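Model, not experiment: these values are computed from the prediction.
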Amino acid sequence: LLDAGHRSFGENRVQEAEGKFPALRAAHAEGLVDAVDGFCEGIAFSPAQIERVFIVAQELGLPVKLHAEQLSNLGGAVLAARYGAISADHLEYLDEAGVAAMAAAGTVAVILPGAFYTLREMQMPPIDLLRRYAVPMAVATDMNPGSSPMSSLLLAMNMACTLFRMTPAEALAGATTHAARALGLADRGTLAPGMVADLAVWSCGHPAELAYRIGFNPLHQRIIGGVL
């Protein structure tokens with residue numbers, strides 16, 4: 001994750017690398033990198049800085065992701081889409097141009113209600129616009145100690161429904177099918193022949209219950225790689 005707490009720090013780090021990013025190249029050479037993620041925001045990195053990183057990622061054949069439009073609209077989603085990003089996250093200030101660009105690029109919108117709640121944000125992501133353009137919406141916890149100390153995916157699903165008005169079906173698809181797509185994992189996320197058998201078996205009468213109850217975990221069984 002390319003991140004920074006201050007613009008000047010980010011600028012110094014990018015300048016220090018002289019556009020070559022030796023640490024990224026070295027990590028990639030050792031097979032330690034599966035994607036490049038950045039944070040495009042006024043308190044972090046500018047679109048121009050992010051693009052310099054994305055150019056190197058593209059050169060190395062690495063997929064890119066971006067935390068964008070969380071606190072303001074700097075055009076990060078459009079930038080991410082231009083580089084074929086597999087996902088763009090947060091997106092509270094995403095506009096129609098950004099939604100259209102993501103739809104055209106096949107970029108997944110990752111909805112992160114935990115950060116929205118913890119930071120007491122007021123601007124909600126444009127769920128209706130994302131629906132209208134058929135942009136797949138993943139749901140995640142964004143678990144981190146600074147802005148989203150949430151470890152429950154079920155709670156993230158609940159908040160996606162109660163705070164952002166996603167449907168339970170959208171939240172479930174967001175935590176499974178679209179989540180796998182946002183991670184670039186084409187071999188899992190659905191129950192189908194030939195897919196990796198990573199799944200959870202829930203003790204509930206209807207899938208909507210997973211996004212309804214709070215502080216409740218009806219997990220019956222977890223299967224990883226087809227093994228109980």
Report the distance from atom CD of Q70 to atom SG of C40, rounding to the nearest 0.5 Å.
-> 11.5 Å
May I ask you to test the L183-S87 pair for a side-chain heavy-atom distance under 4.5 Å?
-> no
Say you draw a straight line from CG of L199 to CD of Q221; how long is it, rounded to the nearest 0.5 Å?
-> 8.5 Å
What about L219 and L172, same hydrophobic cluster or not, with Ile/Leu/Val/Met/Phe/Trp/Tyr joined at side-chain heavy-atom distances under 4.5 Å?
-> yes
Parallel, tilted or perpendicular: ring planes of F39 versus H90, cut at 30 and 60 degrees | tilted
Any idea which heavy atoms bring D142 and N144 closest together, and the distance?
-> O-ND2, 2.7 Å
M102 and L91: CA distance, side-chain angles, deciding distance, side chain to side chain contact (heavy atoms under 4.5 Å, CB included) verdict | CA-CA 11 Å; M102 290 175 62; L91 305 173; 3.9 Å; yes
For residues E59 and R25, determine if any side-chain heavy atom of one lies less than 4.5 Å from a side-chain heavy atom of the other.
-> yes
Quick check: does any side chain N or O of S148 sit under 3.5 Å from a backbone N or O of T141, one acting as donor and the other as acceptor?
-> yes
Residue pair N158 / Y212, side-chain heavy-atom distance below 4.5 Å | no
Say whether, by atom type as modelled, one donor and one acceptor occur between the side chain of D198 and the main chain of G225 under 3.5 angstrom.
-> yes
Considering all heavy atoms of both residues, which atom of A44 and which atom of Q49 are nearest to each other, and what is their separation?
-> O-OE1, 4.3 Å
Report yes if the side chains of R131 and E170 come closer than 4.5 Å at any heavy-atom pair, otherwise no.
-> yes
M159, M166, H178 screened by side-chain contact (heavy atoms from CB on, under 4.5 Å) with V139, the one that passes = M166
Smallest separation among heavy atoms of E69 and G76, with atom names | OE1-N, 3.0 Å
Donor-acceptor contact below 3.5 Å, side chain R120 vs main chain Y117 = no
Test side-chain contact (heavy atoms from CB on, under 4.5 Å) applied to V99 and V78, L94, T107, the passing residue = L94
Any donor-acceptor pair under 3.5 Å linking the side chain of K65 with the backbone of A182?
-> yes
Start with the C-alpha gap between L24 and L62, add the side-chain angles, then the distance that decides, and say whether side chain to side chain contact (heavy atoms under 4.5 Å, CB included) holds.
-> CA-CA 11 Å; L24 174 58; L62 293 169; 4.2 Å; yes
Would you indicate whether the side-chain heavy atoms of I111 and I127 approach each other to under 4.5 Å?
-> yes
Beyond-backbone contact of V36 with F21, side-chain heavy atoms, under 4.5 angstrom | no
Report yes if the side chains of E121 and Q123 come closer than 4.5 Å at any heavy-atom pair, otherwise no.
-> no
Any link between M137 and M150 through a network of hydrophobic side chains (Ile, Leu, Val, Met, Phe, Trp, Tyr) touching at under 4.5 Å?
-> yes
How far does CE of M143 sit from CG of L153, to the nearest 0.5 angstrom?
-> 12.0 Å
Within a radius of less than 6.0 Å around CZ of R222, do more than 12 heavy atoms belonging to other residues, nucleotides or ligands occur?
-> no
V196 reachable from V227 in the ILVMFWY side-chain graph, under 4.5 Å edges = no
Is it the case that one hydrophobic cluster holds both Y83 and V53, taking links as side-chain heavy atoms less than 4.5 Å apart, direct or via other members?
-> yes
Say whether L60 and I86 are linked into one hydrophobic cluster, either directly or through other cluster members, by side-chain heavy-atom distances under 4.5 angstrom.
-> no
Closest contact, heavy atoms only, N73 versus Y93 | ND2-O, 3.2 Å
Here the pair of heavy atoms bringing C161 nearest to A211 is SG-CB, 3.9 Å
Please round to the nearest 0.5 Å and tell me the distance separating atom CD of E96 and atom CZ of R132.
-> 5.5 Å
Roughly how far apart are L79 CG and F54 CZ, rounded to 0.5 Å?
-> 6.0 Å
Contact check, side chains of F216 and E209, non-hydrogen atoms, under 4.5 Å = no
Between T118 (side chain) and G114 (backbone), is there a donor-acceptor pair under 3.5 Å?
-> yes
Mind checking the CE-CZ spacing from M195 to R188? Nearest 0.5 Å is all I need.
-> 8.5 Å
L154 to L210 - nearest heavy-atom pair and separation | CD2-O, 3.7 Å
Report yes or no: does E41 contribute a side-chain atom to a donor-acceptor pair with the main-chain N or O of L71 at less than 3.5 Å?
-> yes
